[in-house]
Participant: 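Can you keep this structure in mind? I'll have questions shortly.
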Amino acid sequence: MVSFLIAYASLSGNTKEVADLIAETLIAEGMEVTTYRIGGGVMPTLHQFDAMIIGSFTWGKGETPDEVKNFVADIGYKPDSVYVFGTGDTQFGGDILFCHAAVKLARFYGSTYDPLRIEQSPRGKQQKIVIEWSKGVLKHWKHLHE
């Protein structure tokens with residue numbers, strides 16, 4: 001069974017909602033999922049998982065929050081299969097800085113799958129976007145490991 005770690009940082013709860021929806025989708029597809037709130041207890045051993053999905057809100061002027069930077073540093077290496085999602089708000093920085101933390105994380109990890117970028121909450125129309133992205137992640141991972 002394929003196992004995913006979903007590690008996320010959430011300030012207002014929006015990123016947590018996205019993480020939960022991704023987890024629900026992957027579990028419904030028969031995957032094993034562990035969620036971890038970055039900075040919230042003992043960090044999981046990344047080597048135990050087939051893939052990591054990391055999520056972050058964007059802080060300030062397109063910045064990655066310190067707790068996410070610390071998490072990345074604590075990992076100490078770049079896992080092979082990393083997928084990225086983020087939440088943001090276009091009213092702060094416009095389209096250029098929208099979910100910029102997710103874009104930077106995807107670039108840092110060399111993710112070959114486009115990061116998911118959600119405006120504030122995953123509710124409404126965006127719920128379907130999260131579900132489809134999650135299924136796409138699974139399809140992408142399986143394709144790479146056939």
Side-chain angles (χ1 to χ4, degrees), residues 1-11 13-59 62-65 67-90 93-146:
M1 178 180 291
V2 179
S3 62
F4 283 87
L5 170 65
I6 302 173
Y8 68 92
S10 189
L11 185 64
N14 291 332
T15 312
K16 180 186 183 323
E17 283 186 56
V18 175
D20 290 344
L21 187 53
I22 293 169
E24 289 171 19
T25 303
L26 293 176
I27 290 168
E29 294 290 322
M31 301 302 107
E32 184 178 305
V33 176
T34 298
T35 58
Y36 169 70
R37 184 175 188 138
I38 294 172
V42 178
M43 189 168 101
T45 304
L46 201 54
H47 294 290
Q48 298 174 326
F49 301 94
D50 297 305
M52 177 175 73
I53 300 174
I54 185 169
S56 178
F57 58 94
T58 296
W59 188 246
E63 299 159 24
T64 305
E67 59 263 45
V68 176
K69 290 177 185 176
N70 292 339
F71 174 77
V72 168
D74 289 345
I75 290 172
Y77 73 101
K78 293 181 183 181
D80 292 330
S81 297
V82 178
Y83 301 89
V84 182
F85 71 94
T87 57
D89 194 333
T90 53
D95 290 337
I96 293 172
L97 298 180
F98 175 61
C99 293
H100 198 60
V103 172
K104 290 193 295 188
L105 284 166
R107 190 178 317 128
F108 173 79
Y109 281 114
S111 182
T112 59
Y113 195 75
D114 287 338
L116 172 66
R117 301 184 314 152
I118 295 295
E119 176 88 23
Q120 296 181 354
S121 166
R123 296 180 205 131
K125 300 185 290 189
Q126 296 191 112
Q127 182 175 5
K128 182 178 180 183
I129 294 168
V130 174
I131 292 168
E132 291 304 313
W133 182 86
S134 303
K135 289 179 179 180
V137 163
L138 181 56
K139 183 177 179 181
H140 183 267
W141 189 92
K142 286 180 176 180
H143 174 74
L144 292 176
H145 296 89
E146 289 180 326

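Note that these values count all heavy atoms, side chains included, but never hydrogens, waters or copies made by symmetry.
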Participant: Measure the spacing between OG1 of Thr25 and CD of Glu132 and express it to the nearest 0.5 Å.
Facilitator: 9.0 Å
Participant: According to salt bridge (charged side-chain N to carboxylate O under 4.0 Å, His left out), does anything in residues 20-43 pair up with another residue at least two apart or in another chain? List the pairs.
Facilitator: Lys16-Asp20
Participant: So Tyr113 and Trp133, would you call those rings parallel, tilted or perpendicular, with 30° and 60° as cut-offs?
Facilitator: tilted
Participant: Could you check Leu11 against Trp59 for side chain to side chain contact (heavy atoms under 4.5 Å, CB included), going step by step and ending with a plain yes or no?
Facilitator: CA-CA 10 Å; Leu11 185 64; Trp59 188 246; 3.1 Å; yes
Participant: Does any non-hydrogen side-chain atom of Val137 lie less than 4.5 Å from one of Ile22?
Facilitator: no
Participant: Can you list the residues that meet the side-chain contact (heavy atoms from CB on, under 4.5 Å) rule with Ala51, with sequence neighbours excluded?
Facilitator: Phe4, Ser81, Tyr83, Trp141
Participant: Any chance you could lay out the side chain to side chain contact (heavy atoms under 4.5 Å, CB included) test for Val33 and Ile6, step after step, and finish with the verdict?
Facilitator: CA-CA 7 Å; Val33 176; Ile6 302 173; 3.6 Å; yes
Participant: Measure the shortest side-chain to side-chain distance between Thr58 and Lys104 over non-hydrogen atoms and say whether it is less than 4.5 angstrom.
Facilitator: no
Participant: Give, for atom OG of Ser56 and atom CD of Glu67, the distance between the pair rounded to the nearest 0.5 Å.
Facilitator: 7.0 Å
Participant: Is it the case that the side chain of Ser134 and the backbone of Leu26 share a donor-acceptor pair, with hydrogens and angles ignored and the cut-off at 3.5 Å?
Facilitator: no
Participant: When Pro115 is tested against each of Ile54, Leu105, Val84 for side chain to side chain contact (heavy atoms under 4.5 Å, CB included), which residue passes?
Facilitator: Val84
Participant: To the closest 0.5 Å, what do you measure between CD (Gln127) and CD1 (Ile118)?
Facilitator: 10.5 Å
